[in-house]
Amino acid sequence: MRPIYDAKFRGEIRKRMSPPSRETVTEISRATGISRQTLYSWRHLWKREGELMPAS
């Protein structure tokens, strides 16, 4: 069974990926236990929706 992450938790992850902290997917995965693939999927979605700024 896949875990369900609520909007508040996902928002916290999005903040960790955003400036000024801009943690890497690997760092967040190690700290939270969420797979890197899941985090990359979320990051792609957030970038597409304009909720996460690209690194450059």
Side-chain angles (χ1 to χ4, degrees):
M1 187 167 145
R2 293 185 336 185
I4 298 173
Y5 302 104
D6 63 13
K8 181 180 177 184
F9 181 76
R10 289 175 64 153
E12 291 171 8
I13 297 297
R14 187 175 62 242
K15 286 179 186 175
R16 291 175 72 168
M17 289 183 180
S18 300
S21 62
R22 203 175 290 279
E23 292 180 58
T24 67
V25 167
T26 301
E27 291 170 333
I28 296 170
S29 177
R30 286 182 183 151
T32 63
I34 300 171
S35 74
R36 288 180 18 204
Q37 181 59 43
T38 297
L39 293 170
Y40 280 119
S41 295
W42 290 355
R43 186 175 74 173
H44 177 75
L45 176 68
W46 293 329
K47 282 183 178 180
R48 191 175 57 195
E49 292 176 350
E51 294 182 26
L52 187 67
M53 298 301 295
S56 57

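Not measured: the values here are computed from a predicted model. When reading the values below, keep in mind they use all heavy atoms of this one structure, side chains included, and skip hydrogens, waters and symmetry mates.
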Once rounded to the nearest 0.5 Å, what's the spacing between atom [atom1] of [X] and atom [atom2] of [Y]?
X	Y	atom1	atom2	result
E49	H44	CD	NE2	10.0 Å
Y40	I34	OH	CD1	14.0 Å
R36	T24	CZ	OG1	9.0 Å
K15	E23	NZ	CD	13.5 Å

### Message
Under the rule for salt bridge (charged side-chain N to carboxylate O under 4.0 Å, His left out), what residues qualify as partners of R43, not counting sequence neighbours?
### Response
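Per chain and number, R43 pairs via salt bridge (charged side-chain N to carboxylate O under 4.0 Å, His left out) with no residue.
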
### With R30 via salt bridge (charged side-chain N to carboxylate O under 4.0 Å, His left out) - residues at least two apart
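Once residues adjacent in sequence are excluded, R30 has no partner under the salt bridge (charged side-chain N to carboxylate O under 4.0 Å, His left out) criterion.
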
### Task
Identify the heavy atoms of A31 and R16 that sit nearest to each other, and give their distance.
CB-NH2, 3.6 Å

### Nearest heavy-atom neighbours spanning R14 and E51
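Looking at all heavy atoms of both residues, the closest pair is NH1-OE1, 3.1 Å.
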
### Message
Run the side chain to side chain contact (heavy atoms under 4.5 Å, CB included) test against S41 and tell me which residues pass, sequence neighbours left out.
### Response
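With sequence neighbours excluded, S41 shows a side chain to side chain contact (heavy atoms under 4.5 Å, CB included) to Q37, given in chain and number order.
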
### Query
In terms of ring plane angle, is the pair Y5 and F9 parallel, tilted or perpendicular, where the classes change at 30° and 60°?
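Judged by the thresholds at 30° and 60°, the geometry between Y5 and F9 is parallel.
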
### Message
If you count every heavy atom of other residues, nucleotides or ligands that lies below 6.0 Å from R10 atom CZ, does the total exceed 12?
### Response
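Result for CZ/R10: enclosed.
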
#### Entry: Step-by-step side chain to side chain contact (heavy atoms under 4.5 Å, CB included) determination, I13 to L39
CA-CA 9 Å; I13 297 297; L39 293 170; 3.8 Å; yes

### Task
For the pair S29 (side chain) and V25 (backbone), establish whether a donor and an acceptor sit closer than 3.5 Å, ignoring hydrogens and angles.
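Side chain of S29 to backbone of V25, a donor-acceptor pair under 3.5 Å: no, none is there.
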
